[in-house]
Amino acid sequence: DSGYRSATWYYRGTFGSQRPADPARIRVEDHVSDLLALMDTQGLERALVASWSVGVNVAFEFARRHPDRVAGILAVAGVPGGTFATMGGPLRIPRFLRHPIATRVAKAGRVAGPALTWLAPKVPVTPATAWAIAHSGFMLPAAKPGIVAPMLKQFLRQDWRWYATLAVAAAEHAPMDLSFVTCPVTLVAGRHDVLTSMHDILAAAQQIPHAHVTVLPGSHFLPLEYPELVHGALDELARRSDTAPG
């Protein structure tokens, strides 16, 4: 009922998507290839690209390689490259330490992955669990349990070692010079996001003079905390492009 035709995919090796024969083919550039294949399969010559978190890397890299296929970019709680260097801003982690600390945490996740994969599905997902997550500081209370619980139930049932491996690969995507961006862009930042600093999103926006920026009083999980406002940002972006729902 959003008014949009939507198409998406699971990152390689997650939630039933097959892992590549070459396990190294999980870079942002490889996810760009999957987006292109998805659009070709769905017969989408050109579309708005709505992205979140590391998906923002994919969206901008796709726009750099295939500008004619992108009508506009909605970038929520993510930056175009240099993702790990943006982590920990609200925690006052010095900038020069952010990338190495985040990378070490992701690599530690690979070691702990098998244990997490065994343990995580055993965590009961109830309204109380969802409430606790939404009040953890990692996510904020604006996220209602009825929205959080279904996401959490699926998210806990994955291969955590592989998930950490994907994260380490995403960390290799370097910050981008955004002078190539000509399509309409809307960036949405969370003021209390510990994974993607609001200030880094604002700095990225300064490279795109025509970009629109919205800052919400939320965390990294803005689509769960403020779904109506994120949808409104998409509507506004569609109006600035030529893809507004009829």
Side-chain angles (χ1 to χ4, degrees), residues 2 8 10-11 14-15 50-56 74-79 83-95 97-99 101-106 108-113 115-164 166-167 170-171 186-202 213-234:
S2 68
T8 189
Y10 290 123
Y11 286 129
T14 64
F15 303 115
S51 55
W52 171 71
S53 192
V54 172
V56 174
L74 176 66
V76 180
V79 291
T83 296
F84 276 26
T86 74
M87 295 184 179
L91 303 179
R92 300 189 183 280
I93 297 174
R95 182 171 293 276
L97 290 176
R98 293 178 190 176
H99 186 276
I101 289 176
T103 302
R104 289 188 180 184
V105 169
R110 291 192 300 195
V111 176
L116 288 172
T117 300
W118 175 83
L119 178 63
K122 295 177 172 55
V123 175
V125 178
T126 65
T129 309
W131 184 92
I133 294 293
H135 288 75
S136 65
F138 192 61
M139 187 182 295
L140 297 182
K144 301 298 185 289
I147 295 177
V148 175
M151 177 280 296
L152 194 60
K153 186 174 294 185
Q154 183 179 20
F155 187 67
L156 290 174
R157 288 161 173 76
Q158 64 174 317
D159 184 333
W160 285 86
R161 179 180 176 84
W162 182 252
Y163 185 77
L166 288 170
T186 295
L187 299 103
V188 185
R191 186 172 293 118
H192 309 292
D193 189 341
V194 299
L195 293 180
T196 305
S197 168
M198 169 190 70
H199 300 289
D200 290 279
I201 295 176
L202 296 178
V213 184
T214 298
V215 177
L216 300 176
S219 72
H220 194 64
F221 298 92
L222 297 174
L224 302 179
E225 294 163 349
Y226 298 101
E228 295 86 2
L229 295 180
V230 172
H231 187 278
L234 179 61

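Computation of the quantities below employed the complete heavy-atom set of this structure, encompassing side-chain atoms and omitting hydrogens, waters and symmetry-equivalent molecules. Keep in mind it's a predicted model, so treat the numbers as computed, not measured.
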Legend entry - Greater than 12 external heavy atoms within 6.0 Å of Arg191's CZ: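 Counting other residues, nucleotides and ligands, CZ of Arg191 exceeds 12 neighbours.
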Looking only at heavy atoms, what is the nearest atom pair of [X] and [Y], with distance?
{"X": "Gly190", "Y": "Leu222", "answer": "N-CD1, 3.6 Å"}
{"X": "Ile201", "Y": "Ala189", "answer": "CD1-CB, 3.6 Å"}
{"X": "Pro227", "Y": "Ile147", "answer": "CG-CD1, 4.2 Å"}
{"X": "Ala130", "Y": "Ala149", "answer": "CB-N, 4.0 Å"}
{"X": "Gly55", "Y": "Tyr11", "answer": "CA-OH, 3.4 Å"}
{"X": "Ala143", "Y": "Val148", "answer": "CB-CG2, 3.6 Å"}

Legend entry - Partners meeting salt bridge (Lys or Arg N to Asp or Glu O under 4.0 Å) with Arg95 (sequence neighbours left out):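 With neighbours one apart ignored, the set is Asp200.
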Legend entry - Evaluation steps, side chain to side chain contact (heavy atoms under 4.5 Å, CB included), between Tyr163 and Phe155: CA-CA 10 Å; Tyr163 185 77; Phe155 187 67; 3.7 Å; yes
Legend entry - For His135, all residues meeting ring-ring contact (aromatic ring centres under 6.0 Å, His included), sequence neighbours excluded: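 Result, ring-ring contact (aromatic ring centres under 6.0 Å, His included) vs His135: Trp131.
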Inset, instruction - Only counting residues at least two apart or in another chain, list the ones meeting ring-ring contact (aromatic ring centres under 6.0 Å, His included) with Phe84. - result: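 Listed in chain order: nothing, the list is empty.
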Legend entry - side chain to side chain contact (heavy atoms under 4.5 Å, CB included) evaluation trace for Val79 with Val56: CA-CA 6 Å; Val79 291; Val56 174; 5.6 Å; no
Legend entry - Derivation of the side chain to side chain contact (heavy atoms under 4.5 Å, CB included) call for Met87 and Val194: CA-CA 6 Å; Met87 295 184 179; Val194 299; over 6 Å; no
Spatial distance of atom [atom1] ([X]) from atom [atom2] ([Y]) [nearest 0.5 Å]:
{"X": "Thr196", "Y": "Leu187", "atom1": "OG1", "atom2": "CG", "result": "11.5 Å"}
{"X": "Thr186", "Y": "Leu234", "atom1": "OG1", "atom2": "CG", "result": "8.5 Å"}
{"X": "Phe138", "Y": "Phe221", "atom1": "CZ", "atom2": "CZ", "result": "4.0 Å"}

Legend entry - Worked check of side chain to side chain contact (heavy atoms under 4.5 Å, CB included) between Trp162 and Leu166: CA-CA 6 Å; Trp162 182 252; Leu166 288 170; 3.8 Å; yes
Would you say [X]'s side chain and [Y]'s backbone share a donor-acceptor pair under 3.5 angstrom?
{"X": "His231", "Y": "Ser2", "value": "yes"}
{"X": "Arg98", "Y": "Ile93", "value": "yes"}
{"X": "Ser197", "Y": "Gly88", "value": "no"}

Just jot down the side-chain contact (heavy atoms from CB on, under 4.5 Å) partners of [X], sequence neighbours excluded, or say none.
{"X": "Lys153", "result": "Val125, Arg157"}
{"X": "Gln154", "result": "Tyr10, Phe15"}
{"X": "Pro124", "result": "Thr126"}
{"X": "Arg110", "result": "Lys107, Arg161, Ala164, Thr165, Val168"}

Side chains of residues 116-123: which donor-acceptor partners sit under 3.5 Å, not counting sequence neighbours?
from   : atom 1 : to     : atom 2 : distance (Å)
Thr117 : OG1    : Gly113 : O      : 2.9
Thr117 : OG1    : Trp160 : N      : 2.9
Lys122 : NZ     : Trp118 : O      : 3.1

Legend entry - All pairs passing side-chain hydrogen bond (donor to acceptor under 3.5 Å, both in side chains) where residues 215-225 contributes a residue, at least two apart: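 As it turns out, the side-chain hydrogen bond (donor to acceptor under 3.5 Å, both in side chains) pairs with a partner in residues 215-225, which skip direct neighbours, are Ser53-His220, Asp193-His220, Ser219-Glu225.
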Inset, instruction - Check side-chain hydrogen bond (donor to acceptor under 3.5 Å, both in side chains) between His199 and all other residues, then give those that pass, not counting sequence neighbours. - result: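 Applying side-chain hydrogen bond (donor to acceptor under 3.5 Å, both in side chains) to His199 gives none.
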Legend entry - Leu152 and Ile133, any side-chain heavy atoms less than 4.5 Å apart: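 Yes - at least one pair of side-chain heavy atoms lies under 4.5 Å apart.
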Legend entry - Min side-chain heavy-atom separation Pro223-Val76 under 4.5 Å: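 Answer yes - side chains close enough.
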